[in-house]
Structures are given as structure tokens and as C-alpha cells.
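Below is one structure, written out as C-alpha cells, with a few remarks after it.
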Amino acid sequence: MIRLRFAPSPTGYLHIGSARTFIFNWLYARRHGGTMILRIDDTDLERNTQASLDSIFDGLNWLGLGWDEQYRQSERLAQHRQAAEAIFHKGHAYRDFTPAGSEEKSHAAGPWLCNPGMRELPAEESDRRAAAGEPFVLRYRVPRETRADVRFADAVYGGQCKATADVEDFALLRSDGMPTYHLASCADDVDLRISHIVRGQDHLSNTFKHILIFESLGADPPRFAHLPLLVAPDGAKLSKRRHGPVVSVTTYRDAGFLPHAYVNFLCLLGWSPKDNREQMSRQELIEAFSFEGVNRANAVVNFKDQDPIDPKALWLNSQHLRSMPIEDLAPMVKAELDGAGLAVPYGDEWLSRTVDVLRARFFTLKDFATRARAYFADDFPIEPDALGKLDQPQARELLGELGSRLAASSEFSEQSVEAELRKLAAERGVKAGLLINGARAALTGQPVGPSAFAVFAAIGRERVVARLGKVYAQ
RNA sequence: GGCGAUGUGGACAAGAGGCUAAGUCGCCCGCCUCUCAAGCGGGUCAGCGCGGGUUCGAUUCCCGCCAUCGCCGCCA
């Protein structure tokens, strides 16, 4: 049985690195017909917030990948304590009565391994003090008297080995009786029969401790695959304080990214199909995913202070935007327009045609509500460069004439408009480009955009006539 | 400080003991064209962290160093 889990702790919003970890877990599960589990690691009562939990669900739901089973660690406390007890009774853990915060764990002198005296405290004294109600931390008794190594094979980083002598006596239970991350996570991984742990490389060193816990619990450790970290251009770990919106997936959602395109982008950070493909569908990603394709070096998210969006992410989004089925895109555009207070002036068929015309030069969903405002509303700004097109000699007058002719013509299509426009240009001895570019400026307020005749068709006769007339009037 | 990892162009990222070290993004130029994109064509950017060693030959194997990252919490 292949079973993977994504285990976020609700102490902040969904970080893009976490999102990527979720995605890689999901891809592996789907690739091998496994089960994807979402486990909320909320054992740190002090720092958990509902807002954070909401934001994590928001982010995951936006990615749209889904999961098969869901758990919450705080509902599994009984199992965690049972696991702690089992380890204690095996003699693999001891009580540490050192008061919280009284130790100085300075790294300058060397690594902290354990509190002297506590590890060797006689059982009777330990029991007596515990019975008397003295608070204690339950620590794992890492075997270090004799030479021993902890080993495991990481699917990404290869064989790993560390002497137990270098592993500190980490905590299993806090003095308030709550399990620590290490204990809760491993106990749950055993209970939930997790077969593969895929997580950030920041846990690589912790894995040695986890192997010890798994062994004490009498369980075979799962397979491990650690992922390189996502870092800032200066190599520093991505942090909310220093890097702001770059680290939150909601930034990309709010910037008008397509969920699938963003998933695609995240996949390419630290993983490659090795065959030069960049734009990939969900199915292609599933079929191509493997840990062999995962890189070992941290991946830089290439953003700037002024612009949180990685240029490659934007490019990839445009590729998906331009090639995805129009019937999938149209509803997303509609939602975007709704959000911007814009209404679709004609029917769904018109929307689809118009979206198709526009998307060839758009990058995000946001563009439909901003750059394409003139297609959906009558109040749109005239850009300075567009004004330049209108202020060519004779332009306004000719556009006004064109408007009158189009109002009176029997047909209104790309072809008929083009014929009418070229005929007018020929009659007056001006280049068609004068009218073509002028019309685009008058109809959209922009100097650039789709083929002008496609614009005429998209704007529709009534609005075309009105806008051309308005330009002449000015 | 100890331990664990990583180091190919601005970013992503292939690669293999030996042909001119892929590709993508970005940037620049040209073609096309009613504009802008797209598309097509071309260009820019690394000799593979540094120093040794092995080898006929190493960026690829070995050693040392340096740099960077991670862990060393009663956070996860």
C-alpha cells in the first residue's frame, strides 16, 4: 500500500514551499495509485490559529488537487501518549525535570546533547518526583555509549548516515504532557501506515531522530524523500517578513494565475522530467514524476523587490492560458470579471469568442478585467499612445465617417467591416493603416491589441458606431 | 562549534570520463504584419565553486579547501 501525507502546521498561511511539498506528495501518490492524506499537525496549541487553518485550506483548494483522507493530530493525543509510554517502558526515554528555559543551549561550545544528571536519574527518584507532580519533559534516550550509526536511504539525497553520538536527546513529550512534533508525527505515520514521507530538506537531519522513534515503536521506517528548499534570489530562506507576498500561494491566485499553471511552475522548481518539457498537463506531470528527477540543490524563486512574480511562472501561465480548452477558461474569466464588477455584455458564445481573441496576448486572468476592460464596459481609459493614433491628420473625421457607414451597412462582420474600411481609405486616398490603427484606439483606448477587424466584431456594431461617433465628436 | 547536505550561464535545468556543455525563461535583433503579441529565424549569457590527485583525457571519479543552506527548541 502506497500512502503519503502532507502535514502542515496551522501557524501561518500556505507557503509556496509547502504547496510544492503537497504537490510532490500528491504526484507520487497518483503516479502509483496510492492514497493522499492531509494531516493537520496542530500539536503546538500556542501557535495554531483558525485563520491559518482557513488559509491553508484556501490555498490547497485553489490548487485543486484534492486528497483522500484527512486527520488532525490534536484529535489523536491518546495515541501519541500511548506511543510515548511504550517508548518509556522500553527504557528508550527518560524524564527530564530541568525547568523550562533554565538551560543555555549555546552552540558556540559545541552541540547540546542532554542535561547532565537527568539521563542517569535513578528510576525510583524519577518515579517519586513524577508522582509528586513535578513537571518534566520526556526525552528520547539516544544510544551513544557505544558506537552506532543511524542509516537510511533517501530517494533524493541517497544514502544517509549519522552516528547516534551526534544526535541529541530530543523531547518526546512537553512538560504540559503534549507530544512534540517528532513524537506525534512518527506515531501518526505508524498508525496511518504511511509508506513514503516526502517533505522539505529542512527535515533531513531530523530523520535520524525519526528513525530512532520508528524503531522504538517497533515499526519499519517508511521510505523518505527530501525535497530541496525554495529560496530567495540571495539564497536566503523565503520568509514572510523579508520577502512578503512572494511566499504565499494566495498572491499567485490573486494575481490571476491558473491553478494548474502554478502547479506546473512549482513542479519545475527542483524537479525536471529530463526531456525538455516545460508546459505539462496534470496528467503528464503524474506520468513523468519520479524522485530521480528531483534536484538536490535549493531552487531560487526568481523574483524582484518590485515584482513578486517569477518571469518563468508568468510565461508558463500564459502558455496554459493560451492553449487550454476555451470552455474551461471562459468560466474562469467570467468569475474574474464578476470580481472586478464587470458584466459580460452578450451571451456565452460571444464570451468564448472574445476570450479566444484576447488570450493570445494575455498572461493572467487579471488581464481580462484590466487590459480588456473596453470589451466588457463602456467606461475605459484612453491611453496616451492611443490618443496619438487618433490625433493623426484626418483620423477622427474619417473614423466618424466610417462609423456612419457601418451604421448604415446591411452587414456587420469582420469581412464586411474590412471591405468598408478599405473602401473608405481608398476613396479618401489615405493608408488603410490610419483607419485600422485609429479604429483600434477608438474602440479599445489602446494602441495595441488584436487584429482590428476582430476587435470590431468583438465590440459589436452598436458599440462600434457609438465609439466611433464619440471620437469624431471630440 | 558539531553534524547533515549542496555548488553547471541572471533564474530554472539536462548532461556525460573524450565530438563546438542541451533546452526553457529573461534580454537583444530580424522576418512576418493593421498595431502588439504569437510564430519563425538569429544572437546574448557558463567551460561546469577553488586547489590538488587519478587518467592518454575530468565539469563528470578521489582528496582538501571555500561558499551557501539545513538541523542542533518543552517550533514544526
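The figures that follow rest on heavy atoms only: side chains count, while hydrogens, waters and symmetry mates do not. Reminder, nothing fancy here: chain letters follow the sequence lines and each chain counts from 1.
Comparing B:U35, B:G2, B:A11 by their nearest atom to the side chain of A:Val300 picks out B:A11. The A:Arg322 side chain lies nearest to B:A37 when the options are B:A37, B:C74, B:A22. Side chain of A:Ser272, nearest nucleotide from B:C74, B:A13, B:C34: B:A13. Comparing atom distances between the A:Pro311 side chain and each of B:C74, B:G26, B:U35 picks out B:G26 as nearest. In this structure, of B:G7, B:C36, B:U24, it is B:G7 that holds the atom nearest to the side chain of A:Ala297. Candidate nucleotides B:A76, B:U24, B:U35 were compared by shortest atom distance to the side chain of A:Lys312, and B:U24 ranks first. Nearest nucleotide to the side chain of A:Asn298, out of B:C69, B:G4, B:A76: B:C69. Of the candidates B:C12, B:G70, B:C34, the closest approach to any side-chain atom of A:Phe453 belongs to B:C34. Among the nucleotides B:A76, B:U35, B:G70, the one closest to the side chain of A:Gln201 is B:G70. The nucleotide whose nearest atom lies closest to any side-chain atom of A:Phe208 is, among B:A76, B:G4, B:U35, B:G4.
A:Asn206 comes within 4.0 angstrom of a base, heavy atoms only. Within 4.0 Å of A:Gly270, counting heavy atoms only, lie sugar-phosphate atoms of the nucleic acid but no base atom. If you check every strand for non-hydrogen atoms under 4.0 Å, A:Arg277 touches nothing. Nucleic acid contact class of A:Val137 (heavy atoms, under 4.0 Å, all strands): base. Residue contacts shown for A:Gly159 are limited to sugar-phosphate atoms, with no base heavy atom under 4.0 Å away. At the heavy-atom level, A:Ser9 lies under 4.0 Å from the strands shown only through sugar-phosphate atoms. Nucleic acid contact class of A:Gly433 (heavy atoms, under 4.0 Å, all strands): none. Note on A:Pro450: a base of the nucleic acid sits closer than 4.0 angstrom, heavy atoms only. Across all strands, A:Ala171 comes closer than 4.0 Å only to sugar-phosphate atoms, never to a base (heavy-atom distances). Contacts of A:His203 with the nucleic acid, taken as non-hydrogen atoms under 4.0 Å apart, include base atoms. At the heavy-atom level, A:Glu168 lies under 4.0 Å from the strands shown only through sugar-phosphate atoms. Across all strands shown, A:Arg440 has heavy atoms under 4.0 Å from base atoms, whether or not it also approaches the sugar-phosphate. Using a 4.0 Å heavy-atom criterion, one finds that A:Phe136 contacts no nucleic acid atom at all. Across all strands shown, A:Lys304 has no heavy atoms under 4.0 Å from either base or sugar-phosphate atoms.
Between B:C19 and B:G1, the distance separating the two C1' atoms is 49 Å to the nearest Å. Of the C1' atoms belonging to B:U59 and B:U8, the separation is 8 Å, rounded to the nearest Å. Comparing the P positions of B:A76 and B:A67 gives an interatomic distance of 33 Å, to the nearest angstrom. With both ends at atom C1', the span from B:G64 to B:G23 equals 35 Å, rounded to whole Å. Rounded to the nearest Å, the gap between the P atom of B:A46 and that of B:A21 is 12 Å. Nucleotides B:C40 and B:G49 have their P atoms positioned 33 Å apart, rounded to a whole Å. The same atom, P, is picked in B:C69 and in B:C29; the two are 37 Å apart, to the nearest Å. A gap of 15 Å separates the P atoms of B:A16 and B:G7, to the nearest Å.
The ring-ring contact (aromatic ring centres under 6.0 Å, His included) test with A:Phe368 is passed by exactly one of A:Tyr375, A:Phe363, A:Phe362: A:Phe362.
Straight-line distance from the CD atom of A:Gln279 to the C1' atom of B:G23: 15 Å, rounded to whole Å. In this structure, A:Asp367 atom CG and B:C36 atom P are separated by 18 Å, rounded to whole Å. Regarding A:Asn264, its CG atom lies at a distance of 14 Å from the P atom of B:A13, rounded to whole Å. Rounded to whole Å, the distance from CZ on A:Arg139 to P on B:G73 is 8 Å. Between A:Phe265 atom CZ and B:C12 atom P the separation is 10 Å, expressed in whole Å. Distance, A:Phe303 CZ to B:G10 P: 18 Å, rounded to whole Å. Atom CH2 of A:Trp315 and atom C1' of B:C12 are 11 Å apart (whole Å). Put simply, CG on A:Asn276 is 17 Å from P on B:C12, counting in whole angstrom units.
If you check B:G2 for Watson-Crick or wobble pairing at under 3.5 angstrom, you find it paired to B:C71. Using the Watson-Crick or G-U wobble rule with both distances under 3.5 Å, B:C66 pairs with B:G7. Across the strands present, B:G18 finds its partner in B:C56; the criterion is a Watson-Crick or G-U wobble pair with both atom distances under 3.5 angstrom. Across all strands shown, B:C27 pairs with B:G43; the Watson-Crick or G-U wobble distances both stay below 3.5 Å.
In this structure, OG1 in A:Thr21 is found 9.0 Å from CG in A:Leu266, a value given to the nearest 0.5 Å. A distance of 9.5 Å separates CZ in A:Arg428 from CG in A:Leu435, rounded to the nearest 0.5 Å.
Remark: the A:Tyr252 side chain and the A:Asn317 side chain contain no N/O donor-acceptor pair separated by less than 3.5 Å. Under 3.5 Å, the side chains of A:Ser451 and A:Glu414 contain no donor-acceptor pair of N or O atoms.
Residue A:Asn295 places at least one side-chain N or O closer than 4.0 Å to OP1 or OP2 of B:A14. The phosphate of B:A5 has OP1 or OP2 within less than 4.0 Å of a side-chain N or O from A:Gln160. Proximity of A:Thr43 to the phosphate of B:A76: a side-chain N or O atom is located under 4.0 Å from OP1 or OP2.
Across all their heavy atoms, A:Gly270 and A:Ala299 have their closest contact at N-CB, 4.1 Å.
A salt bridge is absent between A:Arg139 and A:Glu168; no separation between the charged side-chain nitrogens and carboxylate oxygens falls under 4.0 Å. The pair A:Asp367-A:Arg359 does not count as a salt bridge, with every side-chain nitrogen at least 4.0 angstrom from each carboxylate oxygen.
Counting atom types as modelled, A:Ser205 pairs no side-chain N or O with a base atom of B:C72 as donor and acceptor under 3.5 Å.
A cation-pi arrangement is present between A:Arg129 and A:Phe97 under the rule of less than 6.0 angstrom and at most 45 degrees off the ring axis.
Residues A:His182 and A:Val156 both approach RNA chain B. Their nearest nucleotides, taken by heavy-atom distance, put A:Val156 toward the 5′ side. In terms of position on RNA chain B, the residue among A:Arg422 and A:Lys274 whose nearest nucleotide sits closer to the 5' end is A:Lys274.
Atom CZ of A:Arg277 has more than 12 neighbouring heavy atoms from other residues, nucleotides or ligands inside a 6.0 Å radius.
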